[in-house]
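Contents: one structure, followed by commentary.
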Amino acid sequence: MSTTAAPPFAAALAAGPLVLDGGLSNQLESAGHDLGDALWSARLLAEEPDAVVAAHRAYYEAGAQVAITSSYQATFEGFAARGIGATEAAGLLRRSVELAREAARQATAGGVAGPLYVAASAGPYGAMLADGSEYRGAYGLSVAELERFHRPRLEVLAAAGPDVLALETVPDADEARALLRAIRGLGVPAWLSFSAAGDRTRAGQPLADAFALAADVPEVVAVGVNCCTPEDADRAVAVAARAAGKPVVVYPNSGESWDARARAWCGTPAFSADRVAAWTAAGARLVGGCCRVGPEGVAALARQLTG
């Protein structure tokens, strides 16, 4: 349930568009938090939960109507590698939803108009590996193996009561198949968002075919792309709308690229709120930013979408 007496997420989406937040890691790092860890922002769930609340609240105050939780890289396997047992790991997954709820409560108390929604993030298998394979896919695992990986944490996240599950940065159509199986019967709507390169998934499959996988899945309320360049997002929105016949979710990166050797961002930002009109005209109903898009960028989107 939502923090306020809000319509269900799917109903709000039908009346959309809705403003998503920006890069959570971007906001945490700008506040001085070190995320140089395999758990990334999920580490702060245990160590600095107040920082996670503050980051979510900054986006709500900037105009976001939907906050995506810090559970993208939070998995039972990833926590186990750090000596965190299954019971504690499940508690941290639940906490990711609770912290976003608390941020929404604080934002509403501070005068932010609702309703404000919470999307529980589930990143791809490669995010747990923290070796860049989340941008390649093709892990060598079967669909059944990937479903067994994703289902336990999705069950915990769904039970925590988010408004929607964010199945995000999916690089591979096979992993999408696994995720679509894994959300069956959970009782929470979901969006499915691929990381794209041109007109293909990161694993090289045609995006149109990947989007079409969700066309007949009733749990999926939106399909689209994230963590890609703004230019790739431009091309993908109309393709997603045609292939899936559902509202489109789009939240690209700033347009800069990550230099792994130098451990620094390079290039020129290309993200602009001026793109929003074309996205919504093509079917986008959930619009936000991903890596390197902060509260200022989300505020500009919100102004475009709400006037």
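Just so you know, these numbers come straight off a predicted model, no measurement behind them.
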Task: G126 backbone acceptor or donor facing Y139 side chain under 3.5 Å - done: yes
Task: ILVMFWY cluster, V143 and V217 together (side-chain gap under 4.5 Å) - done: no
Open item on the list: Could you measure the distance from the CD atom of E256 to the OG1 atom of T229? Nearest 0.5 Å is fine.
Closed with: 12.5 Å
Task: Sub-4.5 Å side-chain heavy-atom contact between V97 and L157 - done: yes
Task: Close side-chain approach of F211 to V225, heavy-atom, < 4.5 Å - done: yes
TODO: Could you check if a side-chain atom of Y251 sits within less than 4.5 angstrom of a side-chain atom of D21, using non-hydrogen atoms only?
DONE: no
Open item on the list: Any heavy-atom pair between the side chains of S121 and E168 that's under 4.5 Å?
Closed with: yes
Task: Under 3.5 Å donor-acceptor, D131 side chain and S133 backbone - done: yes
Open item on the list: Test side chain to side chain contact (heavy atoms under 4.5 Å, CB included) on V164 and Y117; report intermediate values, then the result.
Closed with: CA-CA 8 Å; V164 63; Y117 295 95; over 6 Å; no
Open item on the list: Do V223 and V248 have side chains that approach each other closer than 4.5 Å (heavy atoms only, starting at C-beta)?
Closed with: no
TODO: Ignoring hydrogens and angles, tell me if any N or O in the side chain of S71 forms a donor-acceptor pair with the backbone of S96 under 3.5 Å.
DONE: no
Open item on the list: Taking D199 first and then R235, would you say they form a salt bridge - that is, a charged N and a carboxylate O separated by under 4.0 Å?
Closed with: no
Task: Cluster overlap Y135 with L192, hydrophobic side-chain contacts below 4.5 Å - done: no
Open item on the list: Donor-acceptor pair, distance only, cut-off 3.5 Å: does the side chain of R285 make one with the backbone of T280?
Closed with: yes
- [ ] Determine, stepwise, if the pair E175 / H150 fulfils side chain to side chain contact (heavy atoms under 4.5 Å, CB included).
- [x] CA-CA 10 Å; E175 186 159 27; H150 284 294; 2.7 Å; yes
Task: A127 backbone acceptor or donor facing Q73 side chain under 3.5 Å - done: yes
Task: Salt-bridge criterion met for R101 and D163 (N-O under 4.0 Å) - done: yes
Open item on the list: Restricting to non-hydrogen atoms, name the atom on A119 and the atom on A166 that form the minimum distance, rounded to 0.1 Å.
Closed with: CB-CB, 4.2 Å
Task: Neighbour count >12 (heavy atoms, 6.0 Å) for atom CD, E296 - done: no
TODO: Would you give the length of the straight line joining atom CG of D232 to atom CG of N226, rounded to the nearest 0.5 angstrom?
DONE: 12.0 Å
Open item on the list: Looking only at side-chain N and O atoms, does T75 offer a donor or acceptor that is under 3.5 Å from a partner on R153?
Closed with: no
Task: Heavy-atom pair with the smallest gap, counting every atom of A196 and L207 - done: CB-CD1, 3.6 Å
- [ ] Give a yes or no answer on whether the side chain of Q304 reaches the backbone of L301 with a donor-acceptor pair at less than 3.5 Å.
- [x] no
Task: Full working for side chain to side chain contact (heavy atoms under 4.5 Å, CB included) between L186 and E219 - done: CA-CA 9 Å; L186 293 181; E219 293 88 350; over 6 Å; no
Task: side-chain hydrogen bond (donor to acceptor under 3.5 Å, both in side chains) between Q27 and H56, worked out - done: CA-CA 9 Å; Q27 183 61 15; H56 287 315; over 6 Å; no
Task: Spacing of CG belonging to D172 relative to CZ belonging to R177, to within rounding of 0.5 Å - done: 8.5 Å
Open item on the list: Over 60° means perpendicular and under 30° means parallel, so tell me whether F9 and W191 are parallel, tilted or perpendicular.
Closed with: tilted
Task: Considering all heavy atoms, the nearest A176-L213 contact - done: CB-CD1, 4.1 Å
Task: Basic-acidic side-chain contact under 4.0 Å: R57, E61 - done: yes
Task: Check: W279 and V287 side chains under 4.5 Å, non-hydrogen atoms - done: yes
TODO: Check the surroundings of atom OH in Y125: do more than 12 heavy atoms from other residues, nucleotides or ligands lie under 6.0 Å from it?
DONE: no
Open item on the list: What I'd like to find out is whether the side chain of N253 reaches to under 4.5 Å of the side chain of V293, using heavy atoms alone.
Closed with: no
Open item on the list: What I want to check is whether the side chains of T169 and E134 have a donor and an acceptor closer together than 3.5 Å.
Closed with: no
TODO: Return the minimal non-hydrogen interatomic distance between T69 and A120, and the atom names on each side.
DONE: OG1-CA, 3.4 Å
Task: Any donor-acceptor pair under 3.5 Å from S195 side chain to V170 backbone - done: no
- [ ] Examine distances only and state if a side-chain atom of K246 and a backbone atom of V220 form a donor-acceptor pair shorter than 3.5 Å.
- [x] yes
TODO: Could you tell me whether the side chains of Q205 and T201 share a donor-acceptor contact shorter than 3.5 Å?
DONE: yes
Task: Point-to-point distance, once rounded to the nearest 0.5 Å, from OG1 of T87 to CZ of F79 - done: 13.0 Å
TODO: For side chain to side chain contact (heavy atoms under 4.5 Å, CB included), just list the numbers for C291 and S254, CA-CA rounded to whole Å, side-chain angles, deciding distance to a tenth of an Å, and then say yes or no.
DONE: CA-CA 6 Å; C291 299; S254 68; over 6 Å; no
Open item on the list: Tell me if the centroids of the rings in F149 and F76 come within less than 6.0 Å of each other.
Closed with: no
Open item on the list: Assess whether a salt bridge exists between R95 and E88, defined as any Lys/Arg side-chain N lying under 4.0 Å from an Asp/Glu carboxylate O.
Closed with: no
- [ ] Give a yes or no on whether D216 atom CG has more than 12 heavy-atom contacts from other residues, nucleotides or ligands under 6.0 Å away.
- [x] no
Open item on the list: So does A178 get a backbone contact from the side chain of R151, meaning a donor-acceptor N/O pair under 3.5 Å?
Closed with: no
Open item on the list: Could you measure the distance from the CG atom of L92 to the CD atom of E98? Nearest 0.5 Å is fine.
Closed with: 10.0 Å
Task: Between CD on residue Q65 and CG on residue L286, distance to nearest 0.5 Å - done: 9.5 Å
Task: Pairwise side-chain contact, L154 with L167, heavy-atom cut-off 4.5 Å (strictly under) - done: yes
Open item on the list: If you compare all heavy atoms of P124 against all heavy atoms of P171, which two are closest, and at what distance to 0.1 Å?
Closed with: CB-CD, 3.7 Å
